[in-house]
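Being a predicted model, the structure only gives us computed values, none of them experimental. For this chain, numbers begin at 1 and follow the sequence in order. Just follow the structure's listing: the first ligand is 1, and inside any ligand the first atom is 1.
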Amino acid sequence: METVLVTGATGTVGSRVVDRLADRDVAVRAATRDPDRQFPDGIETVVFDFEKPETWGTAFEGVDSMFLVRPPAIARVGDSILPAIDAAVRVGVDRIVLLSVLGAEKNPLLPHRKIETHLRDSDVTWTFLRASFFMENLLEVHRREIVERGEIVVPAGDGETSFVAAEDVAAVATAALTESGHARRAYDVTGPDALTYHEVARSLSAALDRPVTYGEPSLVQFARHSRRIGRDWPFLVTMALLYTTARLGLAGRVSDDAERVLDRSPLSLDEWTAGNADAFERATPDPKANNLHGSE
Ligand SMILES: NC(=O)c1ccc[n+]([C@@H]2O[C@H](COP(=O)([O-])OP(=O)(O)OC[C@H]3O[C@@H](n4cnc5c(N)ncnc54)[C@H](OP(=O)(O)O)[C@@H]3O)[C@@H](O)[C@H]2O)c1
């Protein structure tokens, strides 16, 4: 039986990949830095840290395929992720599916692009999943302002974003990790629609049955709000950069790659908001209030 190593296994996409792989005919090894972390029965847990090479050997041993997530906090991939890839390939990992980001091919400064280039130059079968903005950001990053103020505060102007559900990114990843036909392919993994944040607010209002608004805040208003709720400067700047890509109209490309791989339509935002309405109730705590793409 093939062994699949999932990095980022406790994260938004990796956790869903672990769940999906559990139903496939593969041995699943879930990587985390937390030695006390438990995964469901049948999932092997391994302590793994890109920044601690002493953890790599045990994690990579006997692995055939790897789901590779660049942790948001790692900006300098040359010191950690690239050498980890080399170590994995040296011990026989022969398929790597990378969670990349939409537009990575056009931006040489992105850490994801550096990883893509390294994988292309390595002796490994690669697949790149260039994912658009996750719908889960609304829950994991913006939940507080939506719940407490009925407002989405992002400096995205009226630019469009082709939001994708993390569940669909995980489904494409699972296919690429376990099926043939995905070698040396770069997929743009987007949802079915390009939406402005006005449309996102309308979708949330309908699903939550209470008004959610979007007032096109300026960068300065966004920065003030972010400081008020305790976001640190590096995170604030990262978010400002990301939302500026949407403001400039660079985040709205819709692709049918996910639909072709999955043989079904990816989730629409209306379906996602309807399915996640309970998580926007007041009592539910923020799962991950200070994390997005990290320091890219
Ligand atoms: N958010 C978006 O809209 C979006 C869109 C496209 C692409 N992306 C990209 O997706 C990636 C993040 O994926 P995600 O949101 O699924 O992850 P996430 O929820 O941010 O979780 C980060 C994961 O990285 C692990 N991790 C942190 N530091 C680590 C280290 N030093 N060594 C090994 N593992 C470490 C964490 O595991 P432990 O804490 O358990 O060790 C955790 O599982 C980023 O590269 C981001 O740019 C994000």
Review item, side-chain donor-acceptor pairs of residues 30-40, under 3.5 Å, at least two apart:
unit_1 : atom_1 : unit_2 : atom_2 : d
Thr32  : OG1    : Asp34  : N      : 3.0
Asp34  : OD1    : Asp36  : N      : 2.8

By number and element, which atoms of ligand 1 are closer than 4.0 Å to a non-hydrogen atom of [X]?
X	result
His112	9 (C), 44 (C), 45 (O), 46 (C), 47 (O)
Thr32	38 (P), 40 (O), 41 (O)
Val13	16 (O)
Pro72	20 (O), 22 (C)
Phe133	3 (O)
Asn137	1 (N), 2 (C), 3 (O)
Ala131	6 (C)
Val69	11 (C), 12 (C), 13 (O)

Backbone N/O of Arg20 and side chain of Thr174: donor-acceptor pair under 3.5 Å: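 No.
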I want to know if ligand 1 touches [X] in the polar sense, i.e. an N/O pair below 3.5 angstrom.
X	answer
Ala31	no
Asp34	no
Pro71	no

Cluster overlap Leu102 with Val69, hydrophobic side-chain contacts below 4.5 Å: no
Shared hydrophobic cluster for Val212 and Leu269 (ILVMFWY, side-chain gaps under 4.5 Å): yes
Is [X] in contact with ligand 1, taking contact as a heavy-atom separation below 4.0 Å?
X	result
Ala166	no
Arg130	no
Leu99	yes
Ser100	yes
Ala73	no

Aromatic plane relationship, Trp126 with Phe128 - under 30° parallel, 30 to 60° tilted, over 60° perpendicular: parallel
Parallel, tilted or perpendicular: ring planes of Tyr214 versus Tyr197, cut at 30 and 60 degrees: tilted
Closest to atom 43 (O) of ligand 1 (judged by heavy-atom distance), picking from Thr10, Thr7, Val6, Leu98: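 Among Thr10, Thr7, Val6, Leu98, the closest heavy atom to atom 43 (O) of ligand 1 comes from Thr10.
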Best match, Glu51, Arg33, Arg70: closest heavy atom to atom 41 (O) of ligand 1: Arg33
Per-residue contact class, Ile74 against ligand 1 - non-hydrogen pairs under 4.0 Å: side chain
Salt bridge (Lys or Arg N to Asp or Glu O under 4.0 Å) assessment of Asp270 paired with Arg202: CA-CA 9 Å; Asp270 283 347; Arg202 276 199 285 279; over 6 Å; no
Closest non-hydrogen atom pair, Val101 against His112: CG1-ND1, 3.6 Å
Heavy-atom pair with the smallest gap, counting every atom of Phe222 and Pro217: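 Smallest interatomic distance, heavy atoms only, reads N-CB, 4.4 Å.
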Residue pair Arg264, Glu271: steps toward the salt bridge (Lys or Arg N to Asp or Glu O under 4.0 Å) verdict: CA-CA 14 Å; Arg264 64 165 172 82; Glu271 289 168 323; over 6 Å; no
Donor on one side chain, acceptor on other, His118 and Asp86, under 3.5 Å: yes
Full working for salt bridge (Lys or Arg N to Asp or Glu O under 4.0 Å) between Arg260 and Asp257: CA-CA 5 Å; Arg260 282 189 292 110; Asp257 286 356; 2.5 Å; yes
